[in-house]
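Below is one structure; the comments refer to it alone.
Computed from a predicted model, the values in this text were never measured in an experiment. Here is the naming used below: chain letters follow the sequence lines, and residue numbers restart at 1 for every chain.
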Amino acid sequence: MPELPEVETVRKGLISLVKGKTIAKVDVYWPRIIEFPEIEIFQQQLIGETIETVDRRGKYLIFHFTHYEMVSHLRMEGKYEYFDQPRPLDKHSHVRFIFTDGTELIYHDVRKFGRMALLKKGMAKEYKGLLQLGPEPIDEDFDLLNFKQQLKKSSTMIKPLLLNQKIVAGLGNIYVDEVLWLAKIHPEQPADTLSAQTVRRLRVAIIEVIAKAKEAGGTTIRTYLNALGEAGHFQQELHVYGQTGIPCSRCGTPIIKIKVAQRGTHLCPHCQKLKKV
DNA sequence: AATACTACCTGCGTGC
DNA sequence: TGCACGCAGGTAGTAT
């Protein structure tokens, strides 16, 4: 499900529901979800561990336990669900954390793309996926000069470049489309052809869209009872994503959908013109 | 080194 | 109804 705002909403849900709980047992039903260590070690090491807090970096969740840290990525459809008492598992429940008080946290993932990795305390920051992440899309971390330089170095289309997490962390298919609409940039515009002024506008758009979506609790596309982070309402503020055929809120031209780097891409053909350089 | 394509999975809607 | 196909909020591995 998640891009940065949704993962942040899940993080808050986890803090409010499972912070301070101690693990009694871990069940794993789809082994590939656990990247490392081996399943038995993963299960063994977590027994008796207490959840001290849950952090986020980009789209990754970082669970801080007493002696370990767990990096968790939800990829396309991963969800955490919390239950007060044991209940029958459905076919898409792949990992179950049972706490000493009888409550449980279930990792649910229809497409099984999500991953978890357990590392020793203090070692999560060495996890490969976290090492290659760009800055958080907030004013304090996201440096304009550096952003400009990175874009100048690449002739790749701006959309796939923003999706790769290395220049800035946390954007996915929904928010990239929204950001490019707000900044009036065509998704296929080569990064190194953006003017200094456009890059400045793009940076502000990224910060603004992510901040607003975080405030709204993310975008909810499918509703799932009990799933943490499914209460968002940013879908009411989308201008292009999923709005094919609907008039652009700025100019009235119908929003179109095209394919860019194999991803469905929404844009206003009037506001977002490809600029020849 | 940077870039593009594919694999990883399941379910749903569409068109024949 | 059945079936093939394309599509879905993402990333890692592989080939060029």
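In this structure, A/E8 pairs ionically with A/R56, as a charged nitrogen and a carboxylate oxygen lie closer than 4.0 Å. Using a 4.0 Å cut-off between a side-chain N of Lys or Arg and a carboxylate O of Asp or Glu, A/E188 and A/K159 do not qualify as a salt bridge. A salt bridge does not link A/K21 with A/E49: none of the charged nitrogens is closer than 4.0 Å to a carboxylate oxygen. Ion pairing of A/K25 with A/D27 is present here, as a side-chain N (NZ or NE/NH1/NH2) and a carboxylate O approach within less than 4.0 Å. Electrostatic pairing of A/E215 and A/K212 does not count as a salt bridge here, judged by no charged N lying under 4.0 Å from a carboxylate O. Under a 4.0 Å N-O distance rule, the pair A/D109/A/R75 does not qualify as a salt bridge.
Residue A/N164 contributes atom CG, which lies 10 Å from atom C1' of B/dA2 at whole-angstrom precision. Put simply, CZ on A/R115 is 7 Å from C1' on B/dC8, counting in whole angstrom units. Rounded to a whole Å, the CG atom of A/D109 is 13 Å from the C1' atom of C/dA8. Going from atom CE of A/M157 over to atom P of B/dA2 covers 18 Å, rounded to whole Å. Taking atom CZ of A/R263 as the reference point, atom C1' of C/dT11 lies 10 Å away to the nearest angstrom. If you take NE2 of A/H94 and P of B/dC9, they are 10 Å apart, rounded to a whole angstrom. Between A/L133 atom CG and C/dT11 atom C1' the separation is 12 Å, expressed in whole Å. Taking atom CD of residue A/E77 and atom C1' of nucleotide B/dC8, one finds them 13 Å apart after rounding to whole Å.
Nucleotides of DNA chain C nearest to A/L163 and A/R111 differ in position, and the one nearer the 5' end is that of A/R111. If A/K259 and A/L171 are placed on DNA chain C by their nearest nucleotide, the residue sitting closer to the 5' end is A/K259. Remark on DNA chain B: of its neighbouring residues A/W30 and A/K153, the 5'-side contact belongs to A/K153, judged by nearest-heavy-atom nucleotide. The 5' end of DNA chain B is approached more closely, in terms of each residue's nearest nucleotide, by A/S154 than by the other of A/Q262 and A/S154.
Listed candidates were C/dG10, B/dG11, C/dA8. Nearest to the side chain of A/K59 is C/dG10. Looking at the side chain of A/K112, the nearest of the listed nucleotides C/dA8, C/dG10, B/dC9 is B/dC9.
Ring geometry, A/H94 versus A/H92: the interplanar angle exceeds 60°, so the pair is classed perpendicular (tilted spans 30 to 60°).
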Under 3.5 Å, which N/O atoms of the protein pair with N/O atoms of nucleotides 12-16 of chain C?
unit_1, atom_1, unit_2, atom_2, d
C/dA12, OP1, A/Y60, OH, 3.2
C/dA12, OP2, A/Q132, NE2, 3.3
C/dG13, OP2, A/K128, NZ, 3.3

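For B/dC9, neither phosphate oxygen OP1 nor OP2 lies less than 4.0 angstrom from any side-chain nitrogen or oxygen of A/H92. At the phosphate of C/dT11, OP1 or OP2 sits under 4.0 Å from a side-chain N or O atom of A/H73.
The residue A/R32 sits close only to the backbone: its heavy atoms come under 4.0 Å of sugar-phosphate atoms, none of a base. Among the heavy atoms of the strands, none lies under 4.0 Å from A/G218.
Once the 5.5 Å centre distance and the 30° plane angle are applied, the aromatic ring of A/F113 is found stacked with the base of B/dC8.
Nucleotide B/dA2 has C/dT16 as its partner under the Watson-Crick or G-U criteria, with both atom distances under 3.5 Å.
Spacing between C/dC3 and B/dC9 at atom P, rounded to whole Å, works out to 24 Å. Spacing between C/dT11 and B/dG11 at atom P, rounded to whole Å, works out to 23 Å.
Tested against A/R203 for a salt bridge (charged side-chain N to carboxylate O under 4.0 Å, His left out), the candidates A/D139, A/D141, A/D143 yield a single pass: A/D139.
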